Every structure is written in C-alpha cells, then in structure tokens.
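Along the sequence shown, residues are numbered consecutively beginning with 1. Predicted model, so just to flag it, every value in this text is computed and none were measured.
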Amino acid sequence: QVQLVESGGGSVQAGGSLTLSCAASGRTFSDRAAGWFRQAPGQEREFVGGINSNGDNAYCVDALRGRFAISRDNAKNMVYLQMNNLQPEDTAVYYCAAGRFAIWGLAATDYTYWGQGTQVTVSL
C-alpha cells in the first residue's frame, strides 16, 4: 500500500513558478515509477510526465517540456514537479501517482496509487 499527498499548489500570475511536492509513504514506493497528471475543469485527466523508480528517464510531454520538470528523492520518499512560466492554460488539479511498475507509463491505468490532488490556478 502506498499513500500519496500532494502539496505546493496555489494561485500565481502568468509567468510565475510553482513546485509541487508529493510525499509518499509505503515500503514499495521506491520500487515504483511516479507520474504527474492534471485535470482542468470539464476536461479529462491528462498525463504530464513520469519518472522511473530509480530516478532515471524523467519525462514531460512535448507541450510542457522546457517549462516543467520532474524529479524524485527516494531517500525522502518525495516526487516533485517544477513548473516555470506558468500560463492560464496550466490551471488544473494536479495529481501525483505511483506506478504499477518501475518504468513510467503514459496511461492512468499504468498507475496504482493516487494522491488527492492539489489545485493550481494561473491568472493573467
């Protein structure tokens, strides 16, 4: 069993930055990939990026690469999403997830455990 708790969300103006944190508990977290997803109002949940269990192969989707970056610290059981130059279209609830396997996947079904989400609101 893995429990995930996101933090760091909030309201920022366009061009600002936020770092989301995901605190994990459970013995198997360091054996699992981690991912970040987001869901805007009225839209489906979408994949933001993932990182392998050992911290290798951190990936963000093409549209966000260069502004967003994922990292993890297994010694602290933490996963992070650094977000720079935020835009209003980044407004969403952001979710952290722990994967079924050590390698990250694109689909929500590749992840077993989910946090409750943290709201990010970007205004002009």
Check for a donor-acceptor pair, side chain of [X] on one end and backbone N or O of [Y] on the other, with a separation under 3.5 Å.
X: R32; Y: G99; answer: yes
X: R67; Y: N85; answer: yes
X: T91; Y: V122; answer: yes
X: E6; Y: G117; answer: yes
X: Q82; Y: I70; answer: no
X: W104; Y: N57; answer: yes
X: N74; Y: S53; answer: yes

Kindly give the heavy-atom pair with the smallest separation between [X] and [Y], and that separation in Å.
X: A92; Y: A40; value: CB-N, 3.8 Å
X: Q3; Y: Q1; value: NE2-CG, 3.0 Å
X: Q116; Y: V5; value: OE1-CA, 3.8 Å

Can you confirm whether [X] sits close enough to [Y] that some side-chain heavy atom of one is under 4.5 Å from a side-chain heavy atom of the other?
X: M83; Y: T19; answer: no
X: L106; Y: E46; answer: no
X: R100; Y: D110; answer: no
X: V48; Y: L81; answer: yes
X: L86; Y: F68; answer: yes
X: W114; Y: L4; answer: no

Determine whether the side chains of [X] and [Y] contain a donor N or O and an acceptor N or O closer than 3.5 Å.
X: D56; Y: N54; result: yes
X: Q13; Y: S123; result: no
X: N84; Y: S17; result: yes

Any chain of hydrophobic side-chain contacts (each under 4.5 Å) joining Y113 to V93?
yes

For Y59 and I51, what are the C-alpha separation, side-chain angles and deciding distance, and is it a side chain to side chain contact (heavy atoms under 4.5 Å, CB included)?
CA-CA 6 Å; Y59 171 85; I51 188 167; over 6 Å; no

Which one of Y111, Y94, Y95 satisfies the ring-ring contact (aromatic ring centres under 6.0 Å, His included) criterion with F37?
Y111

Remaining members of the apolar cluster that contains M78, side-chain heavy atoms under 4.5 Å:
Y80

Heavy-atom count around E44 CD within 6.0 Å, excluding the residue itself: above 12?
no

Here the gap from L64 atom CG to W36 atom CH2, rounded to the nearest 0.5 Å, amounts to 13.5 Å

Can R72 be said to sit on top of F29's aromatic six-ring, NZ or CZ under 6.0 Å from centre and within 45° of the ring axis?
yes

